[in-house]
J.: 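The structure that follows is given in the form of structure tokens.
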Amino acid sequence: LTGHLGQVNNISFSGNDQWLASGSSDMTIRVWDVATGKQLKVLTGHTDQVIGVYFSPDDSCTYIASTSFDKTVKLWDVRLGTEIKTLREHTKPTNNVAYSYDGKYMASCSDDQTIKIWSTDLTTKESLMTLLGHEAPVLTCLYSFDSKVLISADQSGVIKIWSMPEGKLLRSYKAHDELIQDVSIAGDNNTIVSASLDGKVKLWDITTGENLMTF
């Protein structure tokens, strides 16, 4: 898939697996047809490089959320190719964004060391909650498939587990010696995989915080 004029920072499949969204340092989000590789849409509006993209989990895959070094979170209508709303509460670059799988919430994380929880209601522009506790830029966040847990990871190698939707911190552990580039969760909703600039990939038990395996 070619077309971006800068590095590609993030990708997200739509729930129906028909489309792929990509965010780039060229300040655009592009939407691609997975089967043909054709570029369907170019979403413009961010004023700095796009760091995170995430398709909404609804059956029609209508929306994309994005984050950028311009400190904003934006929501887009995929079919119309238009920006729906811009969320502006973060005070430093926003690094990643994730929908809850029940479709009710979005989480965004930032260099300002916070995670903000937003309603997916199209008219609401104020955050519902700010999660505090990280002592370094928060680089990534992700909901479990049952939407009951939020995982976040930061530049100092710390992973935090939050109970959702109440936003209570359940546990925190020093997972890596360098910044954590990304986290993912297994279908059992209990196993996290983390990848770091320390050259290691690790598996973790969400409930206990036990390191199950290190690659």
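Heavy atoms only: backbone and side chains are in, while hydrogens, waters and symmetry mates are out. Each residue takes its place number in the sequence, starting with 1. Just so it is clear, the model here is predicted, and its values are computed rather than measured.
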J.: D102 versus Y143: any side-chain heavy-atom pair under 4.5 Å?
T.: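 In short, these two side chains do not touch, never coming nearer than 4.5 Å.
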
J.: Rounded to the nearest 0.5 Å, what's the gap from CD1 on I192 to CG on N211? Could you check?
T.: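 With rounding to 0.5 Å, CD1 (I192) is 11.0 Å from CG (N211).
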
J.: In the structure I gave you, are the side-chain heavy atoms of N96 and Y54 within less than 4.5 Å of one another anywhere?
T.: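 Of all side-chain heavy-atom pairs linking Y54 with N96, none is under 4.5 Å.
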
J.: Between V138 and N95, is there a side-chain heavy-atom distance shorter than 4.5 Å?
T.: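 They are not in side-chain contact.
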
J.: Show your working on side-chain contact (heavy atoms from CB on, under 4.5 Å) between T72 and T94 and close with a plain yes or no.
T.: CA-CA 6 Å; T72 68; T94 51; 5.5 Å; no

J.: Rounded to the nearest 0.5 Å, what's the gap from CD on E166 to CD1 on I117? Could you check?
T.: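 It comes to 11.0 Å.
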
J.: Could you grab the distance from atom CG of D188 to atom CD1 of I206, nearest 0.5 Å is fine?
T.: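 Between atom CG of D188 and atom CD1 of I206 there are 7.5 Å.
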
J.: I want to check something: taking the side chain as every heavy atom from C-beta on, are L75 and W118 in contact at a cut-off of under 4.5 Å?
T.: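 The answer is no, as the side chains (C-beta and beyond) never meet within the 4.5 Å cut-off.
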
J.: Are the side chains of V149 and I161 in touch, meaning some heavy atoms are under 4.5 Å apart?
T.: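 The answer is yes, as the side chains (C-beta and beyond) meet within the 4.5 Å cut-off.
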
J.: If you look at every heavy atom in W19 and R79, which pair is closest and at what distance?
T.: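 Minimum heavy-atom separation between W19 and R79: CH2-NH2, 3.6 Å.
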
J.: In the structure I gave you, are the side-chain heavy atoms of V50 and T67 within less than 4.5 Å of one another anywhere?
T.: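 No, every pair of side-chain atoms sits at 4.5 Å or beyond.
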
J.: Grouping I, L, V, M, F, W and Y whenever their side-chain heavy atoms are under 4.5 Å apart, do L139 and V183 come out in a common cluster?
T.: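 No; V183 is not reachable from L139 via cluster members.
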
J.: Can you name the nearest heavy-atom pair linking K92 to S110, along with the distance?
T.: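 K92 and S110 have their closest heavy atoms at O-OG, 3.1 Å.
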
J.: Nearest heavy-atom pair of A65 and Y99: which atoms, and what distance?
T.: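 Scanning both residues completely, I find the closest heavy atoms to be CB-CE1, 3.9 Å.
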
J.: Just verifying a value: how many Å separate D33 CG and L40 CG, rounded to the nearest 0.5 Å?
T.: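 Between atom CG of D33 and atom CG of L40 there are 5.0 Å.
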
J.: More than 12 foreign heavy atoms under 6.0 Å from NZ of K174: is that the case here?
T.: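 Enclosed.
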
J.: Taking all non-hydrogen atoms of both residues, which atom of V53 and which atom of A21 are closest, and how far apart?
T.: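 Minimum heavy-atom separation between V53 and A21: CG2-O, 3.8 Å.
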
J.: Excluding sequence neighbours, so at least two apart, what forms side chain to side chain contact (heavy atoms under 4.5 Å, CB included) with D48?
T.: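 With sequence neighbours excluded, D48 shows a side chain to side chain contact (heavy atoms under 4.5 Å, CB included) to S68, F69, D70, given in chain and number order.
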
J.: Can you find a pair of side-chain heavy atoms, one from V78 and one from C61, that are under 4.5 Å apart?
T.: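 V78 vs C61: side chains apart.
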
J.: Quick one: does W162's side chain get under 4.5 Å of I115's, heavy atoms only?
T.: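 Yes; the side chains approach each other to less than 4.5 Å.
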
J.: Do L203 and I185 belong together in a cluster built from hydrophobic side chains that touch within less than 4.5 Å?
T.: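 Cluster IDs for L203 and I185 differ.
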
J.: Starting from the C-alpha separation in whole Å, work towards a yes-or-no answer on side-chain contact (heavy atoms from CB on, under 4.5 Å) for V8 and L1.
T.: CA-CA 11 Å; V8 179; L1 309 179; over 6 Å; no

J.: Could you walk me through whether K202 and T214 pass the side-chain hydrogen bond (donor to acceptor under 3.5 Å, both in side chains) test, one step at a time?
T.: CA-CA 4 Å; K202 296 186 179 185; T214 299; 4.7 Å; no

J.: Output, in order, the C-alpha distance, side-chain angles, deciding distance and verdict of side-chain contact (heavy atoms from CB on, under 4.5 Å) for V34 and F13.
T.: CA-CA 9 Å; V34 172; F13 275 101; 3.8 Å; yes

J.: With a 4.5 Å cut-off on side-chain heavy-atom distances among I, L, V, M, F, W and Y, is there a chain of contacts connecting Y101 to L150?
T.: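 In one cluster with Y101: L150, yes.
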
J.: Do L142 and V201 land in one hydrophobic cluster if side-chain heavy atoms of ILVMFWY residues count as linked below 4.5 Å?
T.: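 No, because L142 and V201 fall into different hydrophobic clusters, even though each may have its own neighbours under 4.5 Å.
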
J.: More than 12 heavy atoms of other residues, nucleotides or ligands under 6.0 Å from CD of Q49: yes or no?
T.: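 Yes, enclosed.
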
J.: How far apart are the C-alpha atoms of L122 and Y63, what are their side-chain angles, what is the distance that settles it, and do they pass the side-chain contact (heavy atoms from CB on, under 4.5 Å) test?
T.: CA-CA 10 Å; L122 298 183; Y63 307 111; 3.5 Å; yes

J.: Membership question, hydrophobic clusters at under 4.5 Å side-chain separation (ILVMFWY): are L179 and I151 in the same one?
T.: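 Result: no, two separate clusters.
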
J.: OG of S66 to CG of N9: how many Å apart, nearest 0.5 Å?
T.: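 If we round to the nearest 0.5 Å, S66:OG and N9:CG are 12.0 Å apart.
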
J.: Under 3.5 Å, is there a donor-acceptor pair between the side chain of T28 and the main chain of T44?
T.: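 No; judged by distance alone, with no hydrogens or angles, the pair does not exist.
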
J.: Is there a donor-acceptor pair under 3.5 Å between the side chain of S100 and the backbone N or O of S147?
T.: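 No, the answer is negative, given that no donor and acceptor are paired below the 3.5 Å cut-off.
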
J.: Only one of D154, T114, D112 clears side-chain hydrogen bond (donor to acceptor under 3.5 Å, both in side chains) with H134; which?
T.: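 Single pass found, and it is D154.
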
J.: For the pair N189 (side chain) and F145 (backbone), establish whether a donor and an acceptor sit closer than 3.5 Å, ignoring hydrogens and angles.
T.: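 The answer is yes, because a donor-acceptor pair under 3.5 Å joins these two groups.
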
J.: How far apart are the C-alpha atoms of T207 and N190, what are their side-chain angles, what is the distance that settles it, and do they pass the side-chain hydrogen bond (donor to acceptor under 3.5 Å, both in side chains) test?
T.: CA-CA 7 Å; T207 309; N190 197 58; 2.7 Å; yes

J.: How many angstroms lie between atom CE of M106 and atom OG of S127, to the nearest 0.5 angstrom?
T.: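 One gets 11.0 Å once the value is rounded to the nearest 0.5 Å.
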
J.: Looking only at heavy atoms, what is the nearest atom pair of R30 and Q39, with distance?
T.: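 Residues R30 and Q39, closest heavy atoms: NH1-OE1, 3.2 Å.
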
J.: State, to 0.1 Å, how close V31 and F55 come at their nearest heavy-atom pair, and which atoms those are.
T.: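 Where V31 meets F55 most closely, the heavy atoms are CG1-CZ, 4.4 Å.
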
J.: Taking everything shown except K85 itself, do over 12 heavy atoms lie less than 6.0 Å from its NZ?
T.: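 More than 12 heavy atoms, drawn from other residues, nucleotides or ligands, come within 6.0 Å of this atom.
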
J.: Between D198 (side chain only) and D177 (backbone N and O only), is there a donor and an acceptor less than 3.5 Å apart?
T.: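 Yes; at least one donor-acceptor contact below 3.5 Å.
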
